[in-house]
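Quick note: residue numbers are just sequence positions, from 1.
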Amino acid sequence: MKKFNRAQESGRSMIEMLGVLAIVGVLSVGGISGYSKAMGKYKINQCLDQIANLIINIRSTFANQTDFSGATTANIIALGIATNDMLNAQGNALVNPFNGAINVKATDGGAASFEITYAGLDTSACQNIALADWGAAASSGLVSIKINNTTYQWADGTLPITINAVAAACNAVGNGNSITWTYR
């Protein structure tokens, strides 16, 4: 009887390697998806912090003034009211975490109020930011919130904004939404 000597097998087969690659691929896709969601949430939270800080800093800076007539984007930059993470690379404009413009200006003829506009927001950011509590009552100083072309205000009873209204306003544009807050 003849014996055949088989060489001892070592290494992995092609099927085993394909299985490992498939598992790595699935885990990578899941990791990228989770990372994207986490970054989106981080940017939304950063926007919320920026807006709250701007409101507080503008009110503090203009507390001894009779109006907000000097509340312009250029003055906000010059006075150091905006945080460094809001400045563009040249330091001459304000940008939000979604790379959209931030504009500040005094409103109405007497400049008794000011507005902050965040542009370039995607649908999810628009919805989450608009639904934040920007003023629980008219006494908070919040006059209105404008989402794209729709204005909500205490005077006509459309503030606080309902979830359905925010969804409709933010979904109407898709990406490239803008939100404007007017405070007195």
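I116 and I147 fall within the same hydrophobic cluster, defined by Ile, Leu, Val, Met, Phe, Trp and Tyr side-chain heavy atoms under 4.5 Å apart, directly or through other members. Hydrophobic cluster membership differs between I179 and V173, with clusters built from Ile, Leu, Val, Met, Phe, Trp and Tyr side chains linked at under 4.5 angstrom. L79 and I56 sit in two unconnected hydrophobic clusters of ILVMFWY residues. Membership requires side-chain heavy atoms under 4.5 Å apart, directly or through other members. I23 and V20 are not part of a single hydrophobic cluster, where members link through side-chain heavy atoms under 4.5 Å apart. V29 and L18 are not part of a single hydrophobic cluster, where members link through side-chain heavy atoms under 4.5 Å apart.
The CD1 atom of I58 sits 10.0 Å away from atom OG of S60, with the distance rounded to the nearest 0.5 Å. The CG atom of L131 sits 7.0 Å away from atom CD1 of I161, with the distance rounded to the nearest 0.5 Å. Atoms OG and NZ, on S124 and K37 in that order, are 10.5 Å from each other to the nearest 0.5 Å. Within the model, atoms NZ of K41 and CG of N128 stand 8.5 Å from one another, a figure rounded to the nearest 0.5 Å. Expressed to the nearest 0.5 Å, how far CG of L21 lies from CE of M14 amounts to 9.5 Å. Between the CG atom in N53 and the CD1 atom in I81 there is a gap of 12.0 Å [rounded to 0.5 Å].
By the 4.5 Å heavy-atom criterion applied to side chains, M86 and L54 are counted as neighbours. N75 places none of its side-chain heavy atoms less than 4.5 Å from the side chain of T61. Using a 4.5 Å cut-off on side-chain heavy atoms (C-beta onward), I51 and I129 make contact.
The heavy-atom pair separating P97 from Q50 by the smallest distance is CD-OE1, 3.4 Å. Scanning both residues, F98 and A125, for their nearest heavy atoms gives CZ-CB, 3.5 Å. For the pair R184 and R59, the tightest heavy-atom approach, listed with the atom from each and the gap, is O-NH2, 3.3 Å. The shortest non-hydrogen separation linking G176 to N148 is O-OD1, 4.4 Å. Pairing each heavy atom of I102 with each of T73, the nearest pair is O-CG2, 4.0 Å. Residues G91 and I77 share a closest heavy-atom pair of O-CG2, 3.5 Å.
The closest donor-acceptor contact from the side chain of N88 to the backbone of L94 lies at 3.5 Å or more, if one exists at all. Using modelled atom types, no side-chain atom of T182 and backbone atom of E115 make a donor-acceptor pair closer than 3.5 Å. The main-chain N or O of A119 is found under 3.5 Å from a side-chain atom of N96 such that the two form a donor-acceptor pair.
Heavy-atom neighbours of N92 CG from other residues, nucleotides or ligands within 6.0 Å: above the threshold of 12. Around the CG atom of L27, the shell of radius 6.0 Å holds more than 12 heavy atoms that belong to other residues, nucleotides or ligands.
Partner of W134 under the ring-ring contact (aromatic ring centres under 6.0 Å, His included) criterion, chosen from Y183, W154, Y152, W181: W181. With respect to Q127, the side chain to side chain contact (heavy atoms under 4.5 Å, CB included) criterion is satisfied by exactly one of N177, I44, N171: N171.
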Quiz item: Where do T123 and N175 land on the side chain to side chain contact (heavy atoms under 4.5 Å, CB included) test, with the steps shown first?
Solution: CA-CA 5 Å; T123 303; N175 293 334; 4.0 Å; yes

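With no hydrogens or angles considered, a side-chain donor-acceptor pair links S69 and D67 at under 3.5 Å. Counted by atom type alone, T158 and D156 present one or more donor-acceptor pairs between their side chains at under 3.5 Å.
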